[in-house]
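For clarity, every value in this text was computed on a predicted model and none was experimentally measured. Residue numbers start from 1 in every chain, and the chains themselves are labelled A, B, ... in the order their sequence lines are given, proteins ahead of strands.
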Amino acid sequence: MKNKQINYSKTHAKYLKKLKTEKLIVIFWQIVVIVGFLGLWELLATTGAIDPFFFSSPSRIVTTIIDLGRSGNLFIHIWTSLYETILGFTIATILGVFIAILLWWSERLRKVMEPYLIVINSLPKIALGPMIILWVGSGVSATIVMCVLICLVITIISMLNAFISCDSDKILLMKSMHANKFQILFKLILPNALPDFISVLKINVGMSWVGTIMGEYLSSKAGLGYLINYGSQMLQLDVVMASIVLLCILAGGMYFIVSPFEKKYKKG
Amino acid sequence: MEKFLQYKNVSYFYQTKESEIHALNKIDFSIAEKDFASIVGPSGCGKTTMLSLTAGLLEPSTGEILLKGKKIEKNDSRIGYMFQRDHLFEWRTIWQNIILGLEIQKKHKDEKTLCFADQLLKKYDLYNFKNKKPRQLSGGMRQRVALIRTLVLNPTLLLLDEPFSALDFQTRLNVCDDVYQIIKSEKKTALLVTHDISEALSMSDKIFILSSRPATVRKQLEISFEGDTPLKKREDKNFGKYFELIWRNLS
């Protein structure tokens with residue numbers, strides 16, 4: 001590191017230092033915001049300014065998580081939600097890309113399906129909830145179906161847009177080299193859509209959690225959505241808050257798994 | 001003169017929702033082997049349509065186009081096409097871009113062809129950039145890579161669709177020089193389409209001036225300068241005269 005810095009000119013070193021300082025300032029304020037928020041919350045709860053029965057408090061959330069963890073149930077809930085989300089996310093992404101490829105392949109099919117895609121996209125998928133339960137039964141499978149439904153349409157539409165927005169001259173170039181449709185797909189359309197695919201993955205992380213929690217609200221015997229529902233009905237706001245905190249951690253974690261791919265591929 | 005590429009009474013109509021557009025009207029011309037010919041014309045007169053017809057991407061409505069006496073087929077493999085922009089694939093390295101056409105035609109395992117690609121890279125100073133990504137290269141170098149990508153397929157006829165229009169003026173003159181010399185030293189026949197009179201003048205042995213739509217060949221010029229590179233030709237004392245002649249025929 002130090003050897004490297006010798007090569008920098010004074011002004012450049014100054015510039016780099018400025019960048020570094022700016023980054024530190026941002027991190028500092030990020031910490032201030034979270035610590036301040038939690039501190040204020042705790043303070044208001046302990047002094048009785050807000051009712052901890054309804055608003056809970058950071059310390060009560062931590063205790064609740066520890067209690068739930070000791071009883072062993074917590075891991076079942078986390079595992080159930082995580083399982084549903086990851087499965088729903090994966091199925092929707094793979095199926096969505098596959099359908100988008102089919103729609104790209106046949107322009108006629110695309111034209112035929114267009115109005116239906118628009119309607120299905122604007123339909124609130126939760127409206128299908130009762131039917132899903134009747135068809136696939138309540139519990140884990142209903143939640144996964146809900147999760148897939150929510151992610152699927154947006155995946156199809158985003159990927160299809162990415163496919164058909166490919167520069168027509170690039171397709172002409174491939175054709176002038178005698179590429180067949182498979183080659184155009186695999187050597188041009190798919191690699192060209194990679195940055196869009198990464199964006200879809202990021203959107204789907206959020207969407208799949210929406211699907212899972214909605215599914216669990218509708219009908220479930222386990223999962224964080226179940227825990228939130230249960231907690232609010234039993235007026236155990238600590239349980240509700242604890243579940244939400246865990247949800248934040250899980251969803252954030254999934255996002256951070258996806259985001260390095262973005263950095264890697266979006267540069268191009 | 002042996003006719004290498006020949007347009008025989010070629011007309012072309014294309015359809016839009018509103019009407020049928022008569023783009024080309026009874027075009028007749030021919031070029032010889034190793035000629036560098038240019039087509040200039042007012043914008044929208046159907047120059048690019050002519051290239052698409054020559055490449056076999058479109059079929060003439062009437063008449064026929066012959067290359068070495070043989071009718072041009074759909075996506076004729078004897079033809080190499082160079083576009084306005086380089087269209088290098090960003091996710092591929094320079095080398096992978098160059099062998100794209102070979103991969104498509106399943107020739108990328110053929111030692112001889114790969115050796116040829118290697119040679120071209122060395123000859124035109126791109127060998128050190130073999131494993132770089134296109135975005136690490138300058139506009140001029142990218143256009144050279146695009147040309148080599150076309151040349152490795154060993155086309156009989158090269159079609160150039162305003163290949164320098166996306167470059168800034170300075171780069172343009174240099175790349176124009178480079179491309180000209182590459183084409184000449186590989187002994188290729190080339191057909192260039194452009195609206196830039198001086199570009200056509202500095203590169204071609206032969207210029208066809210098209211009228212506006214429906215386009216016909218209004219005038220055909222044989223160009224000869226003392227200089228042998230586009231940059232030197234631009235300095236020739238007759239350059240201005242030719243320029244004026246073409247300009248008057250265009251408007």
Residue Asn192(A) versus chain B: region with a heavy atom under 4.5 Å: both
Salt bridge (charged side-chain N to carboxylate O under 4.0 Å, His left out) evaluation trace for Glu103(B) with Arg92(B): CA-CA 13 Å; Glu103(B) 266 179 37; Arg92(B) 284 175 162 245; 2.8 Å; yes
Heavy-atom closest pair, residues Ala92(A) and Leu152(A): O-CD1, 3.6 Å
Side-chain ion pair, Asp86(B) and Arg144(B), N-O less than 4.0 Å: no
Glu64(B) and Lys70(B) ion-paired at < 4.0 Å: no
Whether Tyr83(A) and Trp79(A) hold their rings parallel, tilted or perpendicular, with breakpoints at 30° and 60°: tilted
Residues of residues 95-104 of chain A near chain B, each having a heavy atom less than 4.5 Å away: none
Side chains of Ser208(A) and Thr85(A), donor plus acceptor under 3.5 Å: no
Salt-bridge present (Asp196(B), Arg172(B); N to O < 4.0 Å): yes
Note: Glu186(B)-Lys123(B) ion pair, threshold 4.0 Å (strictly below): yes
Test: Glu107(A) and Lys111(A) ion pair at under 4.0 Å: yes
Residues of residues 182-191 of chain A with any heavy atom under 4.5 Å of a heavy atom in chain B: Gln183(A), Lys187(A), Leu188(A), Pro191(A)
Polar contact flag, side-chain donor to acceptor under 3.5 angstrom, Ser185(B)-Tyr180(B): no
